[in-house]
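One structure is given below, encoded as structure tokens.
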Number of protein chains: 2
Amino acid sequence: MSKKVTIYDIAKKLNITAASVSRALNNNPRISESTRKLVLETAAKMNYKPNKVALALRNGKSNSVGVIVPRVNRNFFSNLIRGLEEELYPFGYQVIICQTYDEGKREIDNINALLDAHVGGIFLSISSNTANLDHLKRVINSNVPLIFLDRKADMQGVGSVTINDHEAGYISTQHLIDQGCRRIAHLGGDQRIEIYKDRFEGYKQALHDNNIEFDKKYFYQFNRNNSIDGGKEAVTKLLKLSSPPDAIFSASDFVALGAIQELQKRNVRIPEDFCVSGFSNEPFTKFMELSITSIDQFPIEMGKIAAKVFLEQIKGGHKKQNKVVLDPKLHIRKSTSKL
Amino acid sequence: MSKKVTIYDIAKKLNITAASVSRALNNNPRISESTRKLVLETAAKMNYKPNKVALALRNGKSNSVGVIVPRVNRNFFSNLIRGLEEELYPFGYQVIICQTYDEGKREIDNINALLDAHVGGIFLSISSNTANLDHLKRVINSNVPLIFLDRKADMQGVGSVTINDHEAGYISTQHLIDQGCRRIAHLGGDQRIEIYKDRFEGYKQALHDNNIEFDKKYFYQFNRNNSIDGGKEAVTKLLKLSSPPDAIFSASDFVALGAIQELQKRNVRIPEDFCVSGFSNEPFTKFMELSITSIDQFPIEMGKIAAKVFLEQIKGGHKKQNKVVLDPKLHIRKSTSKL
DNA sequence: TTGTAAGCGTTATCAT
DNA sequence: ATGATAACGCTTACAA
């Protein structure tokens with residue numbers, strides 16, 4: 001049942017005070033080299049571990065950070081987290097992972113919980129599709145560094161690491177055009193979320209640059225909760241059009257998958273008669289018999305950079321670049337390889 | 001910058017002491033109904049939030065629990081976590097997720113970090129393939145409830161929620177036999193981990209019960225880090241045998257996937273000439289063109305039950321059943337549907 | 001019923 | 001260079 005050993009225990013054994021022990025342990029210069037050595041040795045010998053909770057109370061900040069994502073069972077997010085952890089781990093940070101399941105209420109709850117826990121920083125991939133950002137202002141007001149991951153909101157002085165979603169939408173669409181597709185549909189997410197809006201804009205820009213008129217009948221908005229079914233539904237609707245599309249640029253791999261399944265069910269040949277590209281480079285896009293063209297967002301890299309932005313920020317003096325935008329990469333696979 | 005409001009602020013405003021406020025807030029009977037009401041009202045009005053760090057320091061326990069899994073980007077584990085969260089959320093528990101990436105050292109680090117953070121409980125899907133369980137004993141000695149999730153070790157008085165892996169191995173193998181397969185190979189995990197040993201045993205038992213002799217040439221051990229490649233390698237080796245197998249029971253979906261890819265590359269027809277079954281019911285097993293037969297472990301259910309075991313345990317008086325074993329279910333899909 | 005005060009483990013600010 | 005003490009926010013004997 002080994003009682004926890006505190007600095008008092010060390011102090012008692014050495015006939016000094018806890019203050020001295022604390023100083024010795026914290027590289028405080030106001031201590032003699034000899035006692036420091038002595039303290040360090042006995043601390044190790046007694047297997048002393050600082051009580052982080054006490055530390056957090058004292059300092060008003062803990063050595064943990066929170067990361068809030070819609071869900072962890074997406075390759076993108078789990079790798080984001082992995083990048084974060086790898087970078088933060090050496091600094092002794094504990095990463096608390098929270099999931100919102102894309103519910104705004106959960107996001108608020110999670111923010112509150114993290115603030116309650118006095119985390120040292122919060123990484124957020126925003127879910128709130130409402131305009132209300134009060135909970136985020138609360139983070140700022142609490143003086144807790146906030147960093148947006150991938151999905152961001154428009155807020156002053158908040159760091160962010162994102163990819164250029166406009167560019168991603170653009171190159172995906174351009175690729176489809178290069179394959180000879182002309183009637184390209186877009187399956188997009190909630191347009192109140194910036195990334196989805198940007199992907200849509202990039203798509204439209206590419207159409208425009210190729211003198212293809214955007215037809216709003218070719219836009220379908222899915223919701224994240226039933227992605228695969230969303231894709232199926234989209235295809236079902238799109239094929240009913242008098243002039244159905246010959247390609248789909250989906251802002252989600254899962255939606256793209258659903259679309260492909262529905263197309264195959266209807267014996268539409270992919271990619272010969274219909275091309276489909278996805279988004280996020282989920283592992284299955286590569287596994288599939290019919291591998292799916294998709295956008296790589298370099299999630300591990302993103303996580304690592306976000307961690308660095310955070311570390312920079314708490315080091316203070318951070319008038320440095322704290323809005324990082326990465327370039328997306330299109331992995332071209334069978335689902336769009338017509339030529 | 002809204003200063004945090006404490007019980008002292010409330011006390012001052014009401015001209016009472018912090019102790020009274022505390023009592024009012026905690027349903028302590030030693031307080032008059034009138035003051036309680038007053039305190040509750042002003043607390044709400046002042047937007048008082050208890051400082052959980054202070055609470056944790058005081059009580060030596062926090063309202064957070066930790067869950068340690070090999071990695072979150074596996075359907076099984078992320079759903080396990082989801083089940084945990086759903087059940088624990090209403091009780092105000094914060095779930096701290098840690099990943100070991102199947103490294104024993106990480107597991108120890110994570111345990112230490114969680115103990116440092118004074119979590120109220122730890123859910124562990126064990127990674128340590130060493131016999132050394134000192135870090136787990138430390139958990140017990142710290143009086144922190146420990147509950148094994150899926151992968152357990154043999155420890156006294158530790159709760160666990162698992163599936164019957166022996167049974168899972170058995171029914172998977174029996175199914176292959178029922179399909180007419182006779183030379184069934186098994187791709188298994190680290191045999192020092194109980195679940196993998198059990199699956200292997202179940203497999204052997206099924207063979208035995210069908211009068212098929214186990215041939216150890218048909219056993220291949222993969223390591224978790226390069227699962228898909230492991231499957232490919234296994235097939236490459238197995239097909240070189242003088243009498244190659246006609247089926248594979250894999251203890252991992254990813255390994256099964258690799259195996260299938262390699263088989264297809266070699267133009268082996270599945271399921272006609274070769275059946276493959278996997279384990280864990282990863283989403284892609286269903287998505288695939290050639291859907292993969294797999295074992296469902298009901299991870300959400302498992303997480304929920306684990307949460308309940310935990311809640312029961314901290315409620316005390318827990319001489320209740322704290323080792324729960326769930327029954328696995330085999331989803332039969334194309335990869336084994338010969339008949 | 002309410003107030004007083006000690007204590008959880010640590011560090012910062014005084015003194016000495 | 002070291003010691004004493006207050007403080008972080010909260011709970012709980014013990015007193016009143």
Side-chain angles (χ1 to χ4, degrees), chain A residues 2-40 42-43 46-64 92 115-120 142-144, chain B residues 2-40 42-43 46-64 92 115-120 142-144:
Chain A
S2 59
K3 210 82 204 98
K4 268 284 177 195
V5 23
T6 75
I7 52 173
Y8 278 94
D9 301 325
I10 301 176
K12 197 179 295 173
K13 176 159 282 178
L14 260 43
N15 268 322
I16 55 180
T17 70
S20 297
V21 176
S22 172
R23 283 189 277 255
L25 257 21
N26 291 286
N27 288 326
N28 187 313
R30 305 172 134 297
I31 188 90
S32 76
E33 215 28 71
S34 53
T35 33
R36 156 164 300 134
K37 202 153 245 167
L38 209 54
V39 168
L40 257 32
T42 37
M46 297 176 75
N47 192 27
Y48 165 77
K49 302 270 185 192
N51 181 327
K52 306 213 175 163
V53 176
L55 271 174
L57 178 59
R58 181 77 238 268
N59 304 332
K61 281 279 147 63
S62 75
N63 72 321
S64 57
L115 288 181
D116 279 354
H118 292 256
V119 294
S142 309
N143 236 346
V144 173
Chain B
S2 60
K3 208 85 205 92
K4 267 286 178 192
V5 21
T6 75
I7 53 173
Y8 281 94
D9 301 324
I10 301 176
K12 198 178 294 170
K13 177 158 278 180
L14 260 40
N15 269 320
I16 56 179
T17 68
S20 296
V21 175
S22 171
R23 282 190 276 255
L25 258 21
N26 291 286
N27 287 326
N28 187 314
R30 307 169 133 297
I31 189 93
S32 76
E33 216 26 71
S34 52
T35 33
R36 156 164 299 136
K37 201 155 245 164
L38 209 53
V39 168
L40 256 32
T42 37
M46 298 175 74
N47 193 26
Y48 165 76
K49 301 271 182 179
N51 181 324
K52 306 214 176 166
V53 176
L55 271 174
L57 178 59
R58 179 77 241 267
N59 304 332
K61 281 280 145 64
S62 76
N63 72 321
S64 56
L115 288 181
D116 278 354
H118 290 258
V119 293
S142 309
N143 235 347
V144 173

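The basis for the numbers below is simple: all heavy atoms, side chains too, and nothing from hydrogens, waters or symmetry mates. Naming: A, B, ... by sequence-line order, numbering from 1 per chain.
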Can you check the B:Asn27 CG to D:dT12 C1' distance for me, whole Å? 16 Å
Below 4.0 angstrom from OP1 or OP2 of C:dT2, is there any side-chain N or O of B:Ser32? yes
List in chain and number order the residues that pass salt bridge (charged side-chain N to carboxylate O under 4.0 Å, His left out) with B:Arg58, two or more places apart in sequence or in another chain; answer none if no residue qualifies. none
Any A:Ser20 side-chain heavy atom under 4.5 Å of A:Ile31 side chain: yes
Take atom CD1 of A:Ile16 and atom P of C:dT10, then tell me their distance rounded to the nearest Å. 14 Å
Below the 4.0 Å mark, does D:dA1 have OP1 or OP2 next to a side-chain nitrogen or oxygen of A:Ser20? no
What is the distance, rounded to the nearest whole Å, between atom CD1 of B:Ile31 and atom P of D:dT11? 13 Å
Show the numbers, then the answer: is there a side chain to side chain contact (heavy atoms under 4.5 Å, CB included) between A:Lys61 and A:His118? CA-CA 5 Å; A:Lys61 281 279 147 63; A:His118 292 256; over 6 Å; no
Euclidean distance, atom NZ of residue B:Lys52 to atom C1' of C:dC8 [Å, nearest integer]: 19 Å
Could you tell me how far apart B:Leu14 (CG) and C:dG3 (P) are, to the nearest whole angstrom? 10 Å
Base, sugar-phosphate or nothing for A:Asn15? Non-hydrogen atoms, less than 4.0 Å. sugar-phosphate
Listed by chain and number, what are the side-chain contact (heavy atoms from CB on, under 4.5 Å) partners of A:Leu14, not counting sequence neighbours? A:Ile10, A:Ile16, A:Leu38, A:Val39, A:Thr42
Closest non-hydrogen atoms of B:Tyr48 and B:Leu25, given as atom of the first, atom of the second and distance, are CE2-CD2, 3.7 Å
Find the distance A:Leu38:CG to D:dA1:P and express it as a whole number of Å. 16 Å
For nucleotides 11-16 of chain C, 5' to 3', base contacts (B), sugar-phosphate-only contacts (S) and non-contacts (-) with protein non-hydrogen atoms under 4.0 Å give BBB---
The residue, A:Thr17 or B:Lys49, whose nearest nucleotide of DNA chain D is more 5′ is A:Thr17
Round to a whole Å and report the spacing from CG of A:Leu57 to P of D:dC10. 9 Å
Is there a side-chain contact between A:Arg36 and A:Leu40 (heavy atoms, below 4.5 Å)? yes
Might you point out which heavy atoms bring A:Ala54 and A:Asn51 nearest each other, and give the distance in Å? N-OD1, 3.0 Å
Whole angstroms only, please: what is the CG-C1' distance between B:Asn63 and D:dC10? 14 Å
